[in-house]
Every structure is written in C-alpha cells, then in structure tokens.
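As structure tokens, the structure follows; a few thoughts come after it.
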Amino acid sequence: MRINVSHQLKASIGSIRNYEVSGIVNVAGGKSMVQGEVKLMRTDRSILAKGTLHTEVEVTCSRCLGLFGCPLTLKIEEEYFPIKDVASGASLLLPEEPGCFTIDEHHVIDFTEAIRQYALLAIPMKPLCRGDCAGLCPNCGHNLNHGPCDCSPQETEPRWSELNKLTLASDAVVNKQKGTE
Ligand SMILES: [Zn+2]
Ligand SMILES: [Zn+2]
C-alpha cells in the first residue's frame, strides 16, 4: 500500500493524480485484502489523499459468537507531510499535530497505518453475522442458526408458567386486600 510521490511533490500546487491501490493490511490481528482508489492532490505543504477503499475483516458475531467476514468501506481523507524537501533533500518541519502522517525520505506514502486506523473505527460495536442471526440457546449454548437444539420448549416453559402463577397469586393478594378495605 505504498505510492512513490516524488514526481507529484515537484508538481504544481493543486495537481491531482489517481491511483488504484490494493494490498494486504494487518487489521485487528487478521490479514485483510484492501482495494480501492485514492486521489492524491499536491497542496502547498503536503499531499492530500482522498479515497474509498474496500476490505473485509473477520469479526465475532455479538449474538452467536461465530466468526464471519464483515465487509468495510473506508472513506479515507488524510494529509501526508514530506519529511524531506524533494528538491534540496533538506529536512522539513512537520506540523505540530500528534500522529500526523508523513512521506518518508524516499518520497513514499505508506497507507498501511491510515487503513488500519480507519478499519478499526469502521468495525461495528456489535457486529451481527446477519440481520436475523438467531443467536445461541440460553439453555445449552447451541448455535440456533444451525437449527433447533434438543432443549424442548416444555423444558423452559414450566419456569415461565410458575412465574406467571406467582405473579397472578400476588395480584390476587393485592386485590383481596383492596377488597377488604
Ligand atoms: Zn451471528
Ligand atoms: Zn438448547
């Protein structure tokens, strides 16, 4: 995910180039194929990169705990600052922004770190393998996406009916008390 921008650093401000990029990036402990287009624009102090990249990361479904490939679209917009002047080779002062992205001494932009950061932000907080994921049986832990489990409905229902009886009974007591008043 590297582009040599030495030509563009020498070009006039406002000059734009489009690149197709693809490569493997390590996101959240797994290797992901990343593909897309990046537009690079020369500014008075940097190269502004704008692009839309597509990737897929393996995440754990928050309902059934199964692993699945979650597609991500990354809308990247970042400024890359040269650390060396392309003509003179002199060191350049970087802006006082912590963690700002740089163009290395060989005039190469490496998008790996930006992609990693954008991908981590794009992963949903509660990923679902599919919208109607059936989840796990609360009794035996069986993944209900693979079909029903052996826990028969009769096994879980009595608890609920006992609970209903209790509620009904306490209601009855309340009603009785009210009646005597
Ligand atoms: Zn799931
Ligand atoms: Zn079960």
Side-chain angles (χ1 to χ4, degrees), residues 1-3 18-40 48-80 97-102 104 108-181:
M1 305 304 280
R2 294 154 61 86
I3 298 176
N18 292 304
Y19 293 88
E20 301 253 338
V21 290
S22 69
I24 305 283
V25 173
N26 203 325
V27 180
K31 287 186 162 59
S32 300
M33 182 70 193
V34 182
Q35 268 184 313
E37 277 187 343
V38 184
K39 181 199 279 185
L40 299 185
L48 180 64
K50 272 191 196 187
T52 304
L53 304 173
H54 302 279
T55 187
E56 194 175 281
V57 292
E58 197 171 59
V59 294
T60 304
C61 174
S62 60
R63 218 179 268 170
C64 71
L65 308 181
L67 283 173
F68 71 99
C70 178
L72 302 177
T73 299
L74 314 177
K75 298 238 178 241
I76 286 191
E77 182 169 345
E78 288 296 336
E79 240 182 316
Y80 285 81
E97 293 164 27
C100 79
F101 292 112
T102 55
D104 73 10
V108 168
I109 290 180
D110 187 347
F111 291 104
T112 307
E113 180 56 22
I115 290 168
R116 204 185 61 81
Q117 289 181 12
Y118 277 74
L120 286 177
L121 287 174
I123 296 172
M125 296 288 274
K126 291 194 171 177
L128 286 180
C129 62
R130 56 185 211 222
D132 62 347
C133 170
L136 302 176
C137 167
N139 250 8
C140 69
H142 174 80
N143 187 337
L144 298 172
N145 294 319
H146 303 155
C149 58
D150 292 333
C151 307
S152 52
Q154 289 87 339
E155 237 176 283
T156 49
E157 262 177 15
R159 291 195 202 165
W160 286 105
S161 51
E162 283 300 315
L163 200 66
N164 283 340
K165 265 185 226 158
L166 281 175
T167 328
L168 287 174
S170 60
D171 280 352
V173 171
V174 170
N175 285 336
K176 222 185 259 175
Q177 282 170 344
K178 271 189 189 158
T180 55
E181 273 171 15

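Values below: every heavy atom of this structure, side chains too, minus hydrogens, waters and symmetry copies.
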[atom1]-[atom2] distance between [X] and [Y], expressed to the nearest 0.5 angstrom:
| X | Y | atom1 | atom2 | value |
| --- | --- | --- | --- | --- |
| Leu48 | Lys39 | CG | NZ | 9.5 Å |
| Gln35 | His54 | CD | NE2 | 9.0 Å |
| Lys75 | Thr52 | NZ | OG1 | 3.5 Å |
| Met1 | Ile3 | CE | CD1 | 8.0 Å |

Once side-chain contact (heavy atoms from CB on, under 4.5 Å) is applied, do any residues pair with [X], and if so which ones, sequence neighbours excluded?
| X | result |
| --- | --- |
| Leu136 | Cys64, Leu65, Asn143 |
| Ile24 | Lys31, Met33 |
| Glu37 | Glu20 |
| Ala119 | Val27, Leu72, Leu74 |

Problem - Considering all heavy atoms, the nearest Leu40-Ala49 contact - result: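 In terms of heavy atoms, the two residues are closest at CD2-CB, 3.5 Å.
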Handout entry: Over all atoms of both residues, closest heavy-atom pair of Pro127 and Phe68
Key =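 Minimum heavy-atom separation between Pro127 and Phe68: CB-CZ, 3.8 Å.
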Handout entry: Criterion side-chain contact (heavy atoms from CB on, under 4.5 Å) on Thr55 and Val25, from CA distance to verdict
Key = CA-CA 9 Å; Thr55 187; Val25 173; over 6 Å; no
Problem - Sequence-distant partners of Ser62, side-chain hydrogen bond (donor to acceptor under 3.5 Å, both in side chains), two or more places apart - result: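 side-chain hydrogen bond (donor to acceptor under 3.5 Å, both in side chains) list for Ser62, sorted by chain: empty.
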Problem - All pairs passing salt bridge (Lys or Arg N to Asp or Glu O under 4.0 Å) where residues 131-149 contributes a residue, at least two apart - result: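 Of all non-adjacent pairs touching residues 131-149, those that pass salt bridge (Lys or Arg N to Asp or Glu O under 4.0 Å) are Arg130-Asp132.
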Handout entry: By salt bridge (charged side-chain N to carboxylate O under 4.0 Å, His left out) - contacts of Asp104 (at least two apart)
Key =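 Salt bridge (charged side-chain N to carboxylate O under 4.0 Å, His left out) check on Asp104 returns nothing, list empty.
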Handout entry: Contacts of Glu56 that satisfy salt bridge (charged side-chain N to carboxylate O under 4.0 Å, His left out) - sequence neighbours left out
Key =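 Testing Glu56 for salt bridge (charged side-chain N to carboxylate O under 4.0 Å, His left out), a comparison that skips the adjacent residues, returns none.
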Practice task
Using modelled atom types only, decide if a donor and an acceptor are shared between the side chain of Asp110 and the backbone of Arg2 within a distance under 3.5 Å.
Solution key: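 Absent.
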Exercise for the section: Given ring pair (Phe, Tyr, Trp, His ring centres under 6.0 Å), test Tyr80 with Phe111 step by step and report yes or no. Expected result: CA-CA 10 Å; Tyr80 285 81; Phe111 291 104; 5.4 Å; yes
Side chain proximity check, [X] to [Y], heavy atoms < 4.5 angstrom:
| X | Y | answer |
| --- | --- | --- |
| Asn145 | Cys129 | yes |
| Thr112 | Val34 | no |
| Leu53 | Ile76 | yes |

Problem - side-chain hydrogen bond (donor to acceptor under 3.5 Å, both in side chains) pairs, two or more places apart, involving residues 114-125 - result: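 Applying side-chain hydrogen bond (donor to acceptor under 3.5 Å, both in side chains) to every pair that reaches into residues 114-125, excluding sequence neighbours, yields Glu78-Tyr118, Glu113-Arg116, Glu113-Gln117.
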